[in-house]
> 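Let me begin by handing over the structure; questions about it come next.
A note on names: the letters A, B, ... follow the listed sequences, proteins ahead of strands, and every chain is numbered from 1. Keep in mind the model is a prediction, meaning the values are calculated, not measured.
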Number of protein chains: 2
Amino acid sequence: MPKSSPPPPPRKPRADARRNRERILEVAKEVFTRSGADSSLDEIAKLAGIGPGTLYRHFPSRESLLEGVYCGEVEKLAAAERRFSDTLTPVEALRAWMLLFVDYIGAKQIIAPALNTMVGGSKVFECARDQVQGAIHRLVARAIESGDIRADLDPFDLLRALIGVANVASAPNWRDSARRLVHILIAGSRPGA
Amino acid sequence: MPKSSPPPPPRKPRADARRNRERILEVAKEVFTRSGADSSLDEIAKLAGIGPGTLYRHFPSRESLLEGVYCGEVEKLAAAERRFSDTLTPVEALRAWMLLFVDYIGAKQIIAPALNTMVGGSKVFECARDQVQGAIHRLVARAIESGDIRADLDPFDLLRALIGVANVASAPNWRDSARRLVHILIAGSRPGA
DNA sequence: AGAATATTCGGAGAGACCCTCCGGTAACAG
DNA sequence: CTGTTACCGGAGGGTCTCTCCGAATATTCT
């Protein structure tokens with residue numbers, strides 16, 4: 001007689017698997033930050049002290065590894081959205097969050113190609129995309145409600161601009177430039193403009 | 001006794017060399033537009049009906065090939081700058097040129113990584129960079145003079161934003177989004193803002 | 001505790017790509 | 001027409017990505 005219960009939680013993951021997964025994320029984050037998004041995956045595996053097979057079983061594609069690495073950062077961004085919304089005026093919360101976004105994303109070299117999928121239709125990066133899109137959507141809605149931002153502003157437009165700005169994070173003083181651009185974007189989104 | 005005249009024009013380039021160079025540019029433009037900036041160079045050579053060696057002699061690096069392909073487009077942008085400056089008010093000339101930039105550059109998928117070097121310090125892309133930087137510099141200077149744009153606006157900031165926006169040219173309706181962003185950028189650069 | 005079993009590990013290897021080198025060949029000058 | 005020069009094109013070394021499979025190990029059941 002077969003078990004009557006439907007397939008129970010198959011088994012709990014093995015300890016070494018979890019350890020390896022975390023070590024991979026740790027090393028990948030460092031290597032991506034240092035050498036950009038097209039670093040050698042074999043090099044990451046070697047630095048993590050595992051074989052390429054193990055790396056590819058945990059993260060079948062380069063993009064899935066990038067997603068794994070930056071999902072943590074994205075959660076911090078989502079948390080910041082809640083914090084800013086609680087402590088700042090709507091438009092200042094939006095500004096602060098945008099500045100933080102530029103710092104967080106731009107500081108890590110070159111997530112660019114992966115980020116593009118965030119506004120595109122790709123299926124990967126779902127977790128990150130939903131969180132970021134939700135955050136900017138709420139921030140903009142609040143700022144529109146308070147009358148500081150034009151009602152017809154599409155939050156995605158701002159998001160695209162932010163990602164674009166973060167893309168160009170190579171010039172020597174890109175950071176100042178990016179901050180000035182955030183101010184320009186917000187000024188250009190005011191009702192009077 | 002050596003020739004007294006300094007090295008005369010060494011020789012005129014061979015006919016097949018010029019033919020090959022043009023064919024390479026033609027094919028590369030199509031492939032880059034279709035498959036992005038990291039297409040296989042071997043594939044381009046094969047499609048052009050030549051060997052890899054020939055491709056690499058004409059264009060030693062991937063970036064130099066990209067520069068060769070897009071230098072023509074950039075010249076059209078420079079020409080448009082002159083035309084707009086002659087026929088439009090300063091701020092409208094700036095707006096029209098920015099919209100044209102987005103159309104020209106964003107329509108070709110993925111020049112992104114190469115474009116980044118345009119605002120960065122890289123030595124490649126010099127021809128294109130100088131033309132584009134000169135154009136936006138003149139447009140902004142004229143608009144500042146007429147009082148429609150804040151005097152402390154850095155033209156490079158706008159250029160970086162444009163390149164960023166063009167980077168994200170993947171979403172279904174990126175074109176409308178990009179046009180809205182140009183308007184936001186200009187509105188945010190006005191003196192009152 | 002000890003055996004059975006399922007899952008993970010890690011390296012070997014196929015395929016693609018980038019780029020270089022060099023012998024053959026075709027164009028230009030005299 | 002002949003010599004010289006520059007160009008052509010493919011073969012090949014090195015690197016990277018990603019897959020496959022035997023060996024090793026953690027977890028579970030008796």
> Rounded at 0.5 Å granularity, tell me how far CZ in A:Arg62 sits from CD in A:Glu67.
15.0 Å

> List, with names and distances, any nitrogen or oxygen atoms from the protein found under 3.5 Å away from nitrogen or oxygen atoms belonging to nucleotides 16-19 of chain C.
unit_1	atom_1	unit_2	atom_2	d
C:dC18	OP1	B:Ser39	O	3.4
C:dC18	OP1	B:Leu41	N	3.4
C:dC18	OP1	B:Arg62	NH2	2.7
C:dC18	OP2	B:Ser40	OG	3.2
C:dC18	OP2	B:Leu41	N	3.0
C:dC18	OP2	B:Asp42	N	3.4
C:dC19	OP2	B:Tyr56	OH	3.1

> Take the protein atom CZ of A:Arg19 and the nucleotide atom C1' of D:dT25, then report the distance between them rounded to whole Å.
11 Å

> Side-chain N or O of B:Thr54 less than 4.0 angstrom from OP1 or OP2 on D:dG9?
yes

> Quick one: is C:dC9 close enough that its OP1 or OP2 comes under 4.0 Å of any side-chain N or O from A:Arg57?
yes

> Rounded to the nearest Å, what distance is computed from the CD1 atom of residue A:Ile50 to the P atom of nucleotide C:dT7?
20 Å

> Rounded to whole angstrom units, what separation is found between the CZ atom of B:Arg18 and the P atom of C:dC28?
12 Å

> May I ask you to check whether A:Asp157 and B:Ser177 show a side-chain donor-acceptor distance below 3.5 Å?
yes

> Just how far, in rounded Å, is C1' of D:dC8 from CZ of B:Arg23?
16 Å

> How close or far is atom P of D:dC7 from atom CG of B:Leu55, stated in whole angstroms?
15 Å

> With sequence neighbours excluded, tell me which residues meet salt bridge (Lys or Arg N to Asp or Glu O under 4.0 Å) with B:Arg142.
none

> Looking at A:Asp148 and A:Arg190, does any basic side-chain N land under 4.0 Å from a carboxylate oxygen?
no

> Reckon B:His58 has a side-chain N or O less than 4.0 Å from the OP1 or OP2 of D:dC8?
yes

> Side-chain donor-acceptor contacts of residues 39-50 of chain A below 3.5 Å, not counting sequence neighbours, with atom names and distances?
unit_1	atom_1	unit_2	atom_2	d
A:Ser39	OG	A:Gly36	O	2.5
A:Ser40	OG	A:Asp42	N	3.3
A:Ser40	OG	A:Glu43	N	3.1

> Would one find a side-chain N or O of A:Asn20 under 4.0 angstrom from OP1 or OP2 of C:dC9?
yes

> Could you tell me whether A:His137 atom NE2 has more than 12 heavy atoms of other residues or ligands within 6.0 Å of it?
no

> Between D:dT5 atom P and B:Asp16 atom CG, what is the distance in whole Å?
18 Å

